[in-house]
Amino acid sequence: MIYPMRKLGVKAGMEGNLRQISTYWRAAPKTTFFWAVLTLVAPVLRFLLFFSMGELLAALLNQTPWKTWAVILTVVLVVEPLLEIANELAAEYLGKEVNRYFQVQLARTVLEPQQIDLLEDPNFKKKYLYLSADSREWFSREGTYATISMFSKRAFGLAAAVYVAWWHPLAMLILLTSLLIGANVFAEFLRSLISVFTEESGGNQTRAEYFRRLNTEKSSAREMRLFGLQSWSLAFYMKLWQESKNNQWRERRRILNRTMLITLFSLLAAGIVFSWLLWDLWHGLVSAGLAASLIDAMDRMEGLGPQGDWSEQKATQQRNLKALEELQQISRAAQERSASQQLGDSVEYSKPESRNAAASAGTPGGALGVEINDLHFSYPGSEEEVLKGLNLSITPGENLAIVGLNGCGKSTLIKLLSGLYQPTAGTIMVGGQPATQAAQNASISVMFQDFPRYHLSLAENIYPERLLSPEVAEQAVKQLKEVGAQALVERIPDPGTVMNNAYENGTDLSGGQWQRVALARTLSQVAPNASGTGTKTTELSPAGLHTSELSPAGTSVTGSEEPTQTQAGLIVLDEPTAALDVRVEAELFADFRRLTQNQTTILVSHRLSTVRHADRIVVIDGGQVSESGTHAELLAAGGLYAQLFQKQSEQYLRSGTVEAAEDATAPEAGQPAPGDTTSPSNTNQSSPEPTSPAPETREASHE
């Protein structure tokens, strides 16, 4: 018996119904309770409607007292439409609340985990992208209304079934069995199709959408037209789209035969019962009035069967809620792993033999030290280690530069330091706390190579977390001038201008100007935001949701006229100027050093000439720190750093950038020229990291 029930999808249907009702309750408990009361009262009224109608017709035909039944029927006919209106209003309101609740919960699955490895999990990303797109479609948004309407129809159908059973229980059982089987088979059919569609949305369908966008997105549309690739991308789109739909059509054909058989069975059952009723009427076993009301009741029992679009909308919502639960489970597991890792890091770091006193302390100005011990890391889904037992200590207030070959793990290290990933093994402590916790406490500010260019105003690109106001705009202009973007301020006098020319009165910036805006945003975390003016953006998020609903613990976040005192103690620039020429990069790094004199700073660059003024330079090679020292010390050591520096100097000379080459190769006071192996007179013997020879083999790792 269990096997057929599973085939009919009874268990899955019950689980889906319970999941929907529990979601409704969490989204709007009062409205859900009101709807439940209406759903219980409705079948009682419908039964009274059938019964009083039959009795009234019988009384009129038999010329017996009929006024009592007329009054009952009149009351029912007046009250029932009012209840239907109330049910409609409840469905509309509950639908909005459920959709709002769903979007908040979906956002939390992505926003709550500090790490970004979830976004690289194919299973998680596939489900999230599908839900993010599908849940905003009209068909999905109407799932709550469809479900409530179906429950109402099923309640009426149940009342009709009770009335038919009053005539003959077996007749009711025949109709009820055929309708319930048909409803469950149809629901299983829909669940199967929707499941196939969901799976395909993460495969060929996603790739097909990518090829479709190639001809319309600004980043690719120009090249597609320049190289005549429109037809090529369209052909790929059609091929992938066709393949994704083939599976859905195949599944539809597989289940369609079973659905047709069930439909024929339902028609046969209805024909048997209707013939039975005509037999009783012909032989005088039922009155004409009762027969009329029974026919109406049999027609109303169709509410217990399949409901067309309503059934599909309901099945879609059930599938989305189930997928949301799966996402939440993955998200919670990631958070638990993160919390466990933080606890383990804290315990390990608390051991005297594992702690570096200099790195664990902080300066009065807020600079933070960093202690990295035996760090190992592999990207999710890969067994290849990018970092292999890396050790590094950074003292508070130190200006450190990190260099190395492409793919050596520089950017990976910064992502780990920023708390965006959890180490595979080892610990990263910032100011005496795990890196993830330090990032959550806004103790770290990073300017990445692929920094975002927000479709917001110029001021909001610097202070995205604050409401735009004249005071905030004034502070943004001041911040831009601090980072050397005077020309940008003169070009765009209104800080409220949207930084994208796709918007009305919007504009776009050059690569160098965007670099300055991103630097201003990064350094805005060093000082209090907006000088105490303006308010924090807590009213609405971009999706129209209250910020308090998106906070990890669900706690309320209220706006205040007082500024949020953010004071990042560790500032990082991760190759953000890779696309700029060496002169512009040098100027930007000079501004960066000037504005962060009291903070711990890390500069990551593949251009060695721009980082030679750092307090200390570390070279990453083979997933470890291979060299550490000042510019002069590393040149004198004659290792990988010296080789790369010499090679870059020669490249500048060959390319004709003589000034850059002279600047890159000119020795500082007390420093040897490139290739001079004489030890400098002022070698820093107290470098936190000993200089080690470069390994003979170098592996390019995924960054």
Side-chain angles (χ1 to χ4, degrees), residues 17 21 24-25 28-95 144-169 171-173 175-176 179-180 183 270 273-274 276-278 280-281 284-305 307-308 310 314:
N17 289 334
I21 293 173
Y24 297 170
W25 181 262
K30 293 181 180 179
T31 307
T32 304
F33 178 76
F34 177 66
W35 163 65
V37 172
L38 292 178
T39 304
L40 293 174
V41 171
V44 176
L45 289 176
R46 183 51 60 98
F47 179 82
L48 286 175
L49 177 66
F50 293 138
F51 191 80
S52 60
M53 182 184 296
E55 291 299 319
L56 177 60
L57 289 173
L60 291 173
L61 291 173
N62 298 328
Q63 296 183 351
T64 56
W66 54 270
K67 292 183 179 180
T68 301
W69 297 115
V71 171
I72 294 175
L73 180 60
T74 301
V75 171
V76 172
L77 290 174
V78 171
V79 174
E80 192 176 62
L82 295 178
L83 290 182
E84 290 182 359
I85 293 174
N87 193 71
E88 287 278 330
L89 294 175
E92 288 287 346
Y93 179 78
L94 189 57
T144 303
Y145 180 85
T147 300
I148 289 179
S149 299
M150 282 186 65
F151 269 105
S152 298
K153 288 202 72 172
R154 298 216 186 288
F156 292 152
L158 184 61
V162 173
Y163 187 69
V164 173
W166 180 67
W167 161 56
H168 207 297
M172 182 276 291
L173 188 60
L175 281 177
L176 184 63
L179 289 169
L180 291 181
V273 174
F274 186 71
W276 192 343
L277 178 60
L278 290 179
D280 282 1
L281 178 62
L285 299 177
V286 296
S287 65
L290 179 58
S293 60
L294 283 172
I295 291 174
D296 185 36
M298 291 177 192
D299 180 59
R300 297 292 182 177
M301 280 186 68
E302 60 87 23
L304 299 172
Q307 298 298 313
W310 282 353
K314 180 184 177 185

**Message:** Please report the interatomic distance CZ(Phe156) to CG(Leu49), rounded to the nearest 0.5 Å.
**Reply:** 9.5 Å
**Prompt:** Taking all atoms of both residues into account, what is the closest heavy-atom pair of Ala183 and Arg154, and its distance?
**Reply:** CB-NH2, 4.1 Å
**Pairwise distance CG(Leu277) to CG(Leu290) - rounded to 0.5 angstrom** = 7.5 Å
**Message:** For a side chain to side chain contact (heavy atoms under 4.5 Å, CB included) check, start with the C-alpha distance between Met172 and Tyr163, then their side-chain angles and the critical distance, and finish with the verdict.
**Reply:** CA-CA 9 Å; Met172 182 276 291; Tyr163 187 69; over 6 Å; no
**Item:** Side-chain donor/acceptor of Glu302 to backbone N/O of Leu179, under 3.5 Å
**Value:** no
**Message:** Once rounded to the nearest 0.5 Å, what's the spacing between atom CE of Met53 and atom CG of Leu77?
**Reply:** 6.5 Å
**Message:** Is the shortest side-chain heavy-atom distance between Phe47 and Leu158 below 4.5 Å?
**Reply:** no
**Heavy-atom pair with the smallest gap, counting every atom of Ala297 and Ala160** = O-CB, 3.2 Å
**Prompt:** Roughly how far, to the nearest 0.5 Å, is the CG atom of Leu94 from the CD1 atom of Ile148?
**Reply:** 4.5 Å
**Request:** Of all the heavy-atom pairs spanning Ala155 and Pro43, show the shortest one and how long it is.
**Result:** O-CB, 3.3 Å
**Prompt:** Is the distance between the ring centroids of Phe50 and Trp166 under 6.0 Å?
**Reply:** no
**Request:** Looking only at non-hydrogen atoms, find the nearest pair between Tyr24 and Thr144 and report the distance.
**Result:** OH-CA, 3.6 Å
**Prompt:** Should Lys314 and Asn17 count as side-chain neighbours, where that means a heavy-atom distance under 4.5 Å?
**Reply:** yes
**Validation row: Lys153, Arg300 side chains within 4.5 angstrom (heavy atoms)** = no
**Complete:** Between the CH2 atom in Trp167 and the CG atom in Asp280, the distance rounded to the nearest 0.5 Å is 5.5 Å
**Prompt:** What is the minimum heavy-atom distance between Asn87 and Ser152, and which atoms define it?
**Reply:** ND2-OG, 2.9 Å
**Message:** In the structure I gave you, are the side-chain heavy atoms of Leu60 and Trp69 within less than 4.5 Å of one another anywhere?
**Reply:** no
**Prompt:** Would a 4.5 Å heavy-atom cut-off, applied to side chains only, mark Glu55 and Trp66 as touching?
**Reply:** no
**Prompt:** Do you know the tightest heavy-atom contact between Leu176 and Met301?
**Reply:** N-CE, 4.0 Å
**Asked** Between atom CG of Leu180 and atom CG of Leu175, what is the distance when rounded to the nearest 0.5 Å?
**Response** 10.5 Å
**Side-chain heavy-atom pair Ile21, Trp25 within 4.5 angstrom cut-off** = no
**Request:** Verify the distance criterion only: is there a donor paired with an acceptor across the side chains of Trp35 and Thr39 at less than 3.5 Å?
**Result:** yes
